Amino acid sequence: MTGLVTWARLKSPWLFHFNSASCNNCDIELVDAITPRFDVERFGILVEGSPRHADILVVTGFVNRQAAPRLRRIYEQMSNPKIVIALGSCATSGGIFANSYNAAGPVDRVIPVDVYIPGCPPRPQAIIDGVVKALMKLQSLGGGKK
Amino acid sequence: MDWLYIVKLIVYVVLVGVVAAPNIGLFFTWMHRKLGARMQWRIGPPLYQPWADVVKLLSKETIIPATAHKTTFLVAPPLAVASAVLAIVIMTPFAPPVQVYHISFTGDVIVVLYLLTMPAIAAMIGGSASGNPYASVGVQREMTLIFAYELPFIMAALVPILKVGSLRLADIIGYQLEHGPILFSVSGFLACVVLIMVMQAKLTLPPFDIPDAKTEIVAGPYTEYSGASLALFKLAHAVMLFAVPLFISDLCLGGLIVRSLSDPVTLTLDIVLIVVKLVVLVLIAAFIRFFNPRIRIDQAFGMFWKTATVIAVVALALSFVPLPYF
Amino acid sequence: MIDLSLIMLLMVLAPAIGGFITLGLGRARTAAGAVSSVASFISLLMAGMLVYKLNVEGIAWQAEPKVEVWRIGMAGMTWEFEVTMLNTLSILFTALLGFLIALYSTRYIAKYDGKGYYHSLILWSISAAIVAMMSLNWIPFLVFWEICTLTLFFMVRAGGSEAKMPAYRMLLLLATTDLLMAIGVALAVSQTGSLEIVALTGLSPFMVGLVFTLMLISALAKAGGIPFHTWIPDIAPSSPSSTLALFPGAYDKLLGIFKLAVICHFLIVFAPSYSTAVTVIGMITMLLAVLMAMIQHDIKKLLSFHAVSQVGYMITGIGIGTPLAIAGGLFHMVNNVVFKSCLFLSAGAVIYVTGVKEVERLGGLAKKMPVTFTCALIAALAISGVPPLNGFASKWMIYQAAFEATSISPVNAAAGIVAVLASALTLASFIKYLHSVFLGPLPKEFEGVRDVPLSMKAPMVVLAALCLVFGLFPQIPLNYLILPSLNNLNIVWGVPQALPLDWLYLAPSSWASWSPVVATFIALFALALGSLLYTAGRRIQPFTFRAEGVKPFVSGEDLVVHYHGGHFYGPVKLSFKRFYEVAEMGGFSIAWRAVASAFKPLLRSPRNGVFFVYALWIIVLIIILMVGVGT
Amino acid sequence: MPAEKPESRLEKTVELPIGPYHPAYKEPEMFKLYVDGEEIVDAKIRIGYQHRGIEYLAQRMTIQQIVFLVERICGICSTSHPICFCQAVEDAMNLEVPDRARYIRVLIGELERIHSHLLWAGVALHLIGYDTLFMYFWRYREPVCELLEELTGNRQHYAMICPGGVRRDIDLKKMKPKILRVLDEIKEPIAKVGEAVAKDKLVKARMVGVGVLTKQDALKYCTVGPTARGSGLKIDVRVDEPYAAYKEVGVDIKVLSEGDVMAKTLVRVLEVLESIEIIKRCLDAMPNGPIKAEFKEYPVAEGVGKYEAPRGEDIHYVRLQGTTVPYRLKVRAPTYANLPSLVPQLIGESIADAPIIIGSIDPCFSCTERVSVVDVKEGRTLTLTMSEFNEFGRKRKNPLKVK
């Protein structure tokens with residue numbers, strides 16, 4: 001039974017995209033991944049409207065003070081097992097805005113992060129590779145203890 | 001009490017309701033998504049995708065928001081699946097008219113009519129039980145959509161009933177076996193057009209996917225659902241994707257009937273006919289879905305109460321004309 | 001066995017005497033409540049015995065099932081009272097509802113400064129209604145019919161000061177229409193010569209038409225048909241819910257539709273032109289009332305408009321005229337009495353607990369009032385005709401009759417279509433009622449709310465259970481009550497003598513039988529399948545109900561907004577703009593405005609004493625007319 | 001801001017939030033819509049979710065570093081801000097930019113306008129639920145992104161611009177045929193898809209007559225770019241105050257007068273076709289020569305740079321203080337000018353149309369977040385209201401000194 005469930009989790013990862021103060025270039029690259037050239041739906045990946053429906057939370061942008069509490073709240077509202085991907089150099093290390101007064105630190109100071117995708121902006125191929133790594137992590141979760 | 005009959009009934013219900021209906025429904029969902037992707041220059045999901053989605057959702061955690069009323073919130077999804085499955089069981093697909101399984105009874109058209117609206121009612125009760133403002137807007141729009149398409153739907157469904165003169169699906173299918181599908185008569189054709197428009201709205205596919213418009217109100221009544229209850233709603237939607245085309249094919253296209261199990265020629269012909277009928281209806285729904293934007297609720301209301309009702313009235317009037325091809 | 005006349009005597013006298021006792025008790029509310037519940041229970045018991053006697057002794061299925069018992073000679077006239085299958089049907093439900101509402105209002109009336117005589121009014125109306133139904137000739141019928149109107153008037157007055165004017169308006173309307181009926185009866189009696197309620201034979205077609213219309217008007221006014229329905233929504237906001245549950249919810253239908261059935265199918269030969277007329281009235285009632293109901297903000301007004309729209313179904317049923325249609329109409333009368341009064345009682349419970357009537361300020365009460373919510377949910381689904389419940393069974397009979405009768409006249413097909421549409425609109429407004437009153441987030445001021453006391457919960461639970469029982473086993477009411485009573489209306493009923501009532505109602509031989517039990521069995525089976533999937537999922541992923549800290553997803557913000565149902569149907573208002581403008585102008589209370597204009601001086605005069613005298617004067621006039629004609 | 005609605009209407013309404021993390025938009029912004037049933041009675045716009053304190057960081061970086069910082073203000077118009085900033089610096093130092101550099105700036109600017117408008121058209125159609133055309137527009141945008149990658153090394157954030165010119169040269173012999181082939185490849189399909197949008201009955205039902213911005217309102221709210229050109233205002237920085245090589249290349253402004261969502265969409269599609277023509281003319285007329293002008297000293301002066309970004313007029317104001325680090329940088333992004341004009345467009349419309357109306361001004365909230373003025377000395381942040389900001393712009397009175 002758990003084999004089937006793990007297979008199912010690998011085959012239909014649904015994303016929820018959270019833009020915490022990014023220059024929206026990473027978001028556009030994420031949408032690029034959905035459009036014809038890189039079509040991620042062939043791997044079963046969909047971008048969902050509500051965090052309740054999603055397994056993977058994709059966070060772009062350096063988390064500013066305004067976005068930090070909302071990011072925590074959205075993270076809470078997702079149902080387990082869930083994975084967090086920090087997309088773009090702003091999300092991984094705060095990027096060029098690291099020492100701005102409005103910074104609440106890169107994503108991993110706000111919520112636990114599983115996969116980091118560097119690049120400004122990371123190419124769609126890099127995003128797909130990141131999601132694949134996230135799936136391997138999901139597989140390792142197996143019994144869904146997280 | 002006739003125990004044999006009850007055993008036969010249970011086997012039949014399990015066979016059709018539990019095994020066939022959800023799987024065929026999920027297959028049609030896959031067809032829709034693959035076709036859509038193909039029309040958008042994309043490759044589209046593999047065949048097993050809908051099954052993977054349902055199993056994954058089943059294994060996820062169900063969250064109940066603080067503002068929700070727990071029991072109603074949890075009862076709504078199984079209610080939706082139950083009524084969709086019940087509708088299919090009563091419509092007895094693939095049943096040769098003579099077989100004993102055929103439990104069609106007078107007035108089963110009306111019962112099926114009601115059962116096909118039940119999943120929408122379950123979604124509305126679930127949505128309003130979740131206490132989310134987007135869900136409430138979704139419930140309001142779903143309700144407006146329901147009684148927008150109710151009038152044309154009952155009028156269009158009435159055309160075959162009046163033509164055949166009975167409220168029993170078996171009689172309607174029997175009539176179409178002799179006189180050829182009702183689609184070939186003018187009033188039948190108009191009724192079929194209206195029924196297809198209503199099918200698009202009943203399955204909430206664009207241009208009528210107003211209740212769960214992703215870009216306006218997040219996910220409508222389904223916003224707060226997660227895990228197993230969301231899986232059941234998706235399953236109910238898949239079963240409806242099989243139930244509504246089946247209902248239309250029973251009314252207008254002569255039903256999915258295997259005339260005789262004995263001689264192979266008619267058997268293969270019938271099976272091909274069944275596949276063609278269902279697939280054509282699903283294809284039409286897919287084409288309408290992928291080549292139209294979403295229209296507003298008042299435009300949908302106007303479209304149903306003006307154009308669709310006029311066509312249905314004309315079809316109804318024509319069906320009273322005793323000429324052969326009317 | 002106790003003989004029949006004792007049962008009838010007890011059934012009528014117990015509530016009458018009870019009424020006087022409670023009048024004496026006055027302020028001691030609980031005592032008055034107890035006495036009235038006991039008295040009405042006795043009459044219910046007797047009614048039950050009556051039904052049992054009729055069915056067991058096989059009288060029910062005779063050609064002309066009636067038991068003639070009383071012959072009271074009074075002032076030179078002999079008044080006969082008889083118990084036929086038809087009026088037992090109404091008597092049973094009158095007694096049942098009387099008892100439940102007496103029980104309900106023991107605590108409920110406390111809110112309306114404990115008028116002691118309210119209980120006696122209930123008891124008197126029970127006995128008056130029963131006697132009216134049993135009476136065989138016109139005079140007792142009319143007199144007790146008037147008493148019912150008077151008790152209703154005082155029960156509405158119990159609603160406090162703002163209920164004054166609506167009560168007067170109602171009395172005026174009902175009294176006038178009863179006057180019309182009195183004139184009709186006078187004409188009928190003068191032609192046939194006898195005071196008996198017997199088929200009018202040998203009248204000129206014009207005279208039959210005139211008598212028919214006069215009586216039809218009064219039956220419609222009592223039941224709440226369209227042109228004369230205005231008094232029900234008018235009294236709804238201000239009068240206590242128990243009054244609404246008793247009269248517009250139950251007695252008006254039992255009396256009005258019972259009389260309509262008698263008029264249409266017993267007194268006169270039901271010509272096709274009459275059938276189309278009555279069906280058209282039924283159709284209009286169904287549609288217009290439900291359209292009005294959708295935009296209401298006051299829950300009691302919303303429910304009262306639905307009471308009127310459900311009457312439309314019954315009128316259509318009787319109007320179509322085929323045996324199946326009349327059976328459907330009567331069965332819908334019975335069902336409506338059950339779920340409509342349950343809805344009024346649930347609305348009363350909500351107002352008893354929160355004191356708020358408007359839809360906008362309510363919300364999320366389901367958690368605080370679980371029992372009321374479940375009963376309201378069952379009753380709301382029943383009235384919208386959702387399959388396993390009783391509303392579906394009777395509405396389905398009416399649709400089938402309408403569609404099968406299209407060969408007689410296309411009007412029936414139109415009636416069928418309008419019926420289905422009206423049931424969809426009913427569903428719409430009840431989703432709004434459930435959504436804005438019970439579901440959604442709970443406003444702050446109702447945090448401390450607790451559910452209603454047991455004496456108010458019990459009636460609702462009984463009525464909701466009845467909805468389920470009649471829905472799952474429709475053959476019980478059909479075989480024992482409704483189908484035999486058709487024989488009273490000299491209608492040849494094609495069904496074999498008695499349907500085989502085996503438990504599963506499977507009748508394997510004839511396929512043409514929709515058995516709700518089998519359908520529910522399949523539905524439960526599918527529900528089991530659903531929960532099986534739940535548990536399967538559960539084993540893999542712990543089934544955590546993280547309910548506490550999790551707020552609804554309002555795209556990030558943590559504000560809780562209740563999108564109440566107040567303006568739920570904006571787009572509908574747009575498309576029916578013309579209709580609602582006419583409604584705002586009071587287009588539908590033509591009858592009322594006609595009557596009002598005739599009595600302009602009376603209405604304006606503050607001295608309502610004159611008003612009261614006028615009502616009495618009408619009754620006296622009726623009696624004089626009767627006596628004059630009788631001799 | 002409109003006059004306050006009559007109180008009776010407002011308190012009857014329900015406040016329905018669209019955003020901040022709403023699936024319709026890729027960026028967070030909050031629109032509080034006061035809704036009476038389905039009809040919008042009033043709208044309050046609340047931004048500030050994207051605020052990154054770019055102007056504060058700009059006071060700590062050298063001019064060359066600021067070019068990269070300014071490039072990351074917005075991912076879609078990622079060459080508008082650097083060109084505008086460099087023009088402000090060149091205006092302060094009155095530096096002369098060589099011709100070839102000006103032509104390369106026009107080439108990169110127009111390519112970016114094409115991919116930005118295609119991106120927006122796709123998202124707009126997604127907002128009304130027409131995903132098929134969303135995919136079509138984005139399919140024809142991919143070749144342009146790949147072309148930009150070959151020219152500059154990155155799909156966006158090209159880092160091509162530096163004060164005084166351009167950082168990399170373009171080898172015309174190899175690149176010109178490739179650019180022309182790509183442009184011809186996408187010109188025909190885009191015209192066809194644009195026509196599909198204009199002709200489709202249901203798309204017209206959702207876009208024609210929706211969110212109308214009359215010419216007077218456009219003027220009153222001083223809207224810029226395609227939003228203004230969709231309402232009949234014939235304004236374009238490339239023509240009114242030509243910079244880079246636009247005087248030589250010449251631009252034909254596309255204007256429509258209906259002012260509804262359909263007009264704004266079609267204006268952008270026509271601008272894409274016009275940009276293709278501009279690029280062709282620019283490639284033909286590109287001279288040879290140096291690509292950068294050197295400069296040694298940093299004067300104490302101030303300069304203003306203007307640029308026609310895909311969303312409208314973009315203004316940069318820089319004040320140099322003699323060292324490599326500027327004293328002050330002020331950015332006024334186009335969306336900031338267009339945002340207030342949303343309120344008259346939203347009122348009276350239904351909730352279902354809100355996303356497409358908000359989308360019709362092609363909001364880019366990442367550019368809009370520089371209104372807060374940071375007083376470094378006392379460490380307090382002062383968020384300017386609309387009126388204070390205008391007053392600062394008109395009388396050049398520094399609000400810091402006033403308070």
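This is a predicted model, so every value here is computed, not measured. Letters A, B, ... are given to chains in the order of the sequence lines, protein chains preceding strands, and every chain is numbered from 1.
Both the backbone and the side chain of B:L151 come within contact range of chain C, judged by heavy atoms closer than 4.5 Å. The contact between B:T72 and chain C is made entirely by side chain atoms (from C-beta outward), counting heavy-atom distances below 4.5 Å. Contact annotation for B:A231: neither backbone nor side-chain heavy atoms come within less than 4.5 Å of a heavy atom of chain C. Proximity to chain B (any heavy atom under 4.5 Å) is shown, for C:T374, by neither the backbone nor the side chain.
Rounding to the nearest 0.5 Å gives a distance of 6.5 Å between CE of B:M143 and CD1 of C:I431. The NE2 atom of C:H435 sits 8.5 Å away from atom CD of B:Q140, with the distance rounded to the nearest 0.5 Å. Within the model, atoms CH2 of C:W396 and CG of B:L113 stand 13.5 Å from one another, a figure rounded to the nearest 0.5 Å.
Under the salt bridge (Lys or Arg N to Asp or Glu O under 4.0 Å) criterion, B:K56 pairs with A:D55, sequence neighbours left out. The ring-ring contact (aromatic ring centres under 6.0 Å, His included) check on B:F153 picks up nothing, with sequence neighbours excluded.
Closest approach of B:I110 and C:Q400 over heavy atoms only: CD1-N, 4.1 Å.
Ranked by heavy-atom pairs shorter than 4.5 Å toward chain C, the options B:L115, B:T117, B:I154 are led by B:I154. Contact tally against chain C (heavy-atom pairs below 4.5 Å) for B:V54, B:I121, B:I146: the top residue is B:I121. Options C:A366, C:A424, C:G416 differ in how many heavy-atom pairs under 4.5 Å they form with chain B, and the most are formed by C:A366.
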- Task: For ring-ring contact (aromatic ring centres under 6.0 Å, His included), just list the numbers for B:H69 and C:F438, CA-CA rounded to whole Å, side-chain angles, deciding distance to a tenth of an Å, and then say yes or no.
- Result: CA-CA 9 Å; B:H69 181 249; C:F438 289 103; 9.3 Å; no
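Ring geometry for B:Y114 against C:F392 counts as perpendicular: the plane angle is over 60°, on a 0 to 90° scale with 30° as the lower cut.
Contact of the B:I125 side chain with the C:L381 side chain is registered, since non-hydrogen atoms from C-beta on lie closer than 4.5 Å.
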